[in-house]
Protein chains: 2
Amino acid sequence: MSLPHNSNFIKCSTCSLKGFCLPMMLSHSDIDRLDNIIQRNKLLEKGTKVYSIGDKFTHIYAIRSGYLKSYSISDSGEEQITGFHLPGEIVGLEGINTGSHVGFSETLVPSHLCAIPYDKLDNLNSKIDGLRQQLFKIMSQEITHNHELMLMLNQKNADEKIATFLLSLSVRESLGKGLTTQFVLPMTRTDIANYLGLALETVSRIIGKLIKQDVISVDHRQVTINKVNILSELAGTSCHFVDPNQHN
Amino acid sequence: MSLPHNSNFIKCSTCSLKGFCLPMMLSHSDIDRLDNIIQRNKLLEKGTKVYSIGDKFTHIYAIRSGYLKSYSISDSGEEQITGFHLPGEIVGLEGINTGSHVGFSETLVPSHLCAIPYDKLDNLNSKIDGLRQQLFKIMSQEITHNHELMLMLNQKNADEKIATFLLSLSVRESLGKGLTTQFVLPMTRTDIANYLGLALETVSRIIGKLIKQDVISVDHRQVTINKVNILSELAGTSCHFVDPNQHN
DNA sequence: TCAAATGTTTGATCTAGGTTAAACTTTGAT
DNA sequence: ATCAAAGTTTAACCTAGATCAAACATTTGA
C-alpha cells in the first residue's frame, strides 16, 4: 500500500516553473533524477514557519506557489526582513555554511513548497553538471541581488525605495516576461518598512502619495501600476521593461 | 625551457591560509589537484582592477595577501562599495550568474591573488566533494554576511555602524583567532562612508570622537583598539571575542 | 455578529546626520 | 625638496524622515 510520498503532487517535469527554477538547465532524464529526491508536502497555511533560526539545516525549499518572507534577528532582538520570495525562487541557502539556519522563513499566504534534501542534492551535484551549475548561478544571483539592495538602502531616498520595491516585485511576478501591472502585496506596511529601512508611517505616506498622484491604485492587497514610466523615473532606474514610446 | 606558470610562487599546500580558504576541507592529493589549476601572478600594485563591470567572467580570485574593495555602479552612475576583502577571502563570485562581472574589484594595497579558472574549477567540483561543498559554504557565508549587513544598514545609527565596522575588520584580520587590536585601515573615509551609507564628514566626526574618548587610536592608517568592550557595546553586539572579565 | 486585535492613515513635532564651506594634512609625482 | 592633488577635519546650518500621538479600517475568531 505504500506509494511514493509525492505521488499525488505535481512533478518538476510538468511544473510551469521548471524553466525558472532548479531544473532550468536539465535534460528530461536528469529532471526525473532531481524529481525523485524532492518532497512535496501539503499546502502550508499562512504564517507557517518553513525553518527557524537554530534549526538543523537539512533542506532547501523551492516555492511552487505562495509567498514567503525571510528574516533574521539581531543580538538586541530586532527583526530584520532579508527578503520576500515568490514562486520559482529558492530559500534556505543561508544554512549551508554552518549546517544550521541563521534566520527564519515563513509563509505570508498559503503556499506549496518543494523541499529538497541537501545531502541528496549534493550527491546529485557531483553527477549532474547542469544541476550544480544552476545552483551556483542561483547563489551568485542572490549575491548580486544583495549588492543591488545595498545600493538601494545606502543611496536612495524613501520615495525611490518604495518605487524600486514596487517595480522589483512587479518584475519578479511576471517571471521574465517584462512586468505585471497588477499584483498582490501580501506583506504588511510594517514588513515593507522593515525591509527598506524606513518607518512604517513613511511607507504609508509615500504609498498614499503615489495613489493620490494616480501612479498606482491599491484595492485591499491588490496593487495596480497605472503609470509605469513615472514609477520607474521615481525608482531612478532606466527600466528596460518600459516601452519608451508609451508616455503614461 | 617552459616551466609551470606558477613554479616560483607559493602553493596551496604550503600556504598559511589553506585552512581558511578554498582548500579547507581537502586531502593532500586533492589540494594538489586544485593547485594545478590555480594561476599565481606577480604582485598587483595598489589601485589595480582585478575585474570590471562587463568583463567576461572567467576566474574567481582568492586573496593571498593585500586588501581589495568591490563596488558596483547604479544606473545613475553612483558608486556603491559592496565589500572589503582580506587574505583568505574569495572575490568574483557575482559573475557566475550571468557569465559577466556585474561590478568592479580593485586592490587597495599591493596584493597577491590566486586566480582560479572557473571552467576548470567546475570540472573539479564534479570530482572533489570537499571542494564543491566548500565553495557552496563560501557562497552561503556571503549570503549570511549580506543579511547581517542589511541589519546594520537598516537598523544601526552612525556610531553603531562605525563601531561594528571596526570590530568586524578586527575580527576578520585575526583569521578565526579572536580579534586583533591593531590593524590597518587601507580604505579612505570616503570609502568607509560609502560602504556604511553615511556622509564622509560623519565618519570623520565619529572616528574623531572615538579617538578623543580613547576607545581607539589612529596613527596614519594604523588603528589600535584600546577599549574593546566599549567598542562592542557601541556596536550593539555581545561580542564573544571579548573576555567578560576584562573591564577596559 | 460583534468585539478585540491587528494593521493603516494622517498630522505635529523633533533630531540624526546630511550638506555646505573652508582650513588643514598627507601623499605622490616631478 | 616642492607643490599640486587627494584626503581629512571641523563648524554652522538644514532637512528628510523618525517619532509620537490618535483616529480609522480591516481582519479574526468566539
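It should be emphasised that the depicted structure is a prediction, and the values quoted were computed from it without experimental measurement. Within every chain, numbering begins at 1; the chains are lettered A, B, ... in the order of the sequence lines, protein sequences first and strands thereafter. Below, all heavy atoms of this structure are taken into account, side chains as well, without hydrogens, waters or symmetry copies.
Rounded to whole angstrom, the span from the CG atom of A:Asp159 across to the P atom of D:dT15 amounts to 16 Å. Between A:Asn194 atom CG and D:dG17 atom P the separation is 17 Å, expressed in whole Å. Between A:Arg205 atom CZ and D:dG17 atom P the separation is 11 Å, expressed in whole Å. Protein atom CG of B:Asp219 is 15 Å distant from nucleotide atom C1' of D:dT8, rounded to whole Å. Atom CG of A:Leu198 is separated from atom C1' of D:dT19 by 14 Å (rounded to the nearest Å). When rounded to the nearest whole Å, the span between CG of B:Leu210 and P of D:dT9 equals 12 Å. Atom CG of B:Asn157 is separated from atom C1' of D:dT19 by 15 Å (rounded to the nearest Å). Here D:dT9 presents its P atom at 11 Å from NZ of B:Lys212, a figure rounded to the nearest Å.
Residue contacts for A:Ala158: at a heavy-atom cut-off of 4.0 Å it reaches the sugar-phosphate backbone alone, with no base atom in range. A:Thr188 comes within 4.0 angstrom of the backbone, heavy atoms only, and of no base.
A donor-acceptor pair under 3.5 Å is formed between the side chain of B:Ser111 and the backbone N or O of B:Val109. A:Asn194 places a side-chain N or O within donor-acceptor distance of the main-chain N or O of A:Ile81, the cut-off being under 3.5 Å. Although no hydrogens or angles enter the test, the distance criterion places a donor-acceptor pair under 3.5 Å between the side chain of B:Asn157 and the main chain of B:Glu160.
Scanning for side-chain contact (heavy atoms from CB on, under 4.5 Å) contacts around B:Thr181 gives B:Leu179, B:Ile225, B:Val228, with sequence neighbours left out. Residues passing the ring-ring contact (aromatic ring centres under 6.0 Å, His included) test with A:His147, sequence neighbours excluded: none.
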Protein-to-nucleotide contact annotation, 5' to 3' order, nucleotides 21-30 of chain D [B base; S sugar-phosphate only; - none; under 4.0 Å, heavy atom]:
B-----SS--
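A donor-acceptor contact closer than 3.5 angstrom links the side chains of B:His85 and B:Ser70. Judged by distance alone, the side chains of A:Ser100 and A:Lys56 never bring a donor and an acceptor atom under 3.5 Å apart.
For DNA chain C, the contact window with chain A, defined by any atom under 4.0 Å from a protein heavy atom, covers C:dG7 to C:dA12 in 5' to 3' order.
Cation-pi contact between B:Lys69 and B:Tyr67: absent, since separation from the ring centre below 6.0 Å together with deviation from the ring axis within 45° is not met.
Under the ring-ring contact (aromatic ring centres under 6.0 Å, His included) test applied with A:Tyr71, the options A:Tyr195, A:Phe84, A:Phe104, A:Tyr51 reduce to a single match, A:Phe104.
The overall bend of the helix from C:dT1-D:dA30 to C:dT30-D:dA1, read as the angle between its terminal helix axes built from five base pairs each, is 60° when rounded to 10 degrees.
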Please set out all donor-acceptor pairs under 3.5 angstrom arising from side-chain atoms of residues 202-217 of chain A, sequence neighbours excluded.
unit_1   : atom_1 : unit_2   : atom_2 : d
A:Lys209 : NZ     : A:Asp159 : OD2    : 2.5
A:Asp214 : OD1    : A:Asn226 : ND2    : 3.2
A:Ser217 : OG     : A:Asn226 : ND2    : 2.7

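The line from CG of B:Asn97 to OG of A:Ser140 is 5.0 Å long, rounded to the nearest 0.5 Å.
Residue A:Thr202 places at least one side-chain N or O under 4.0 Å from the OP1 or OP2 atom of D:dA18.
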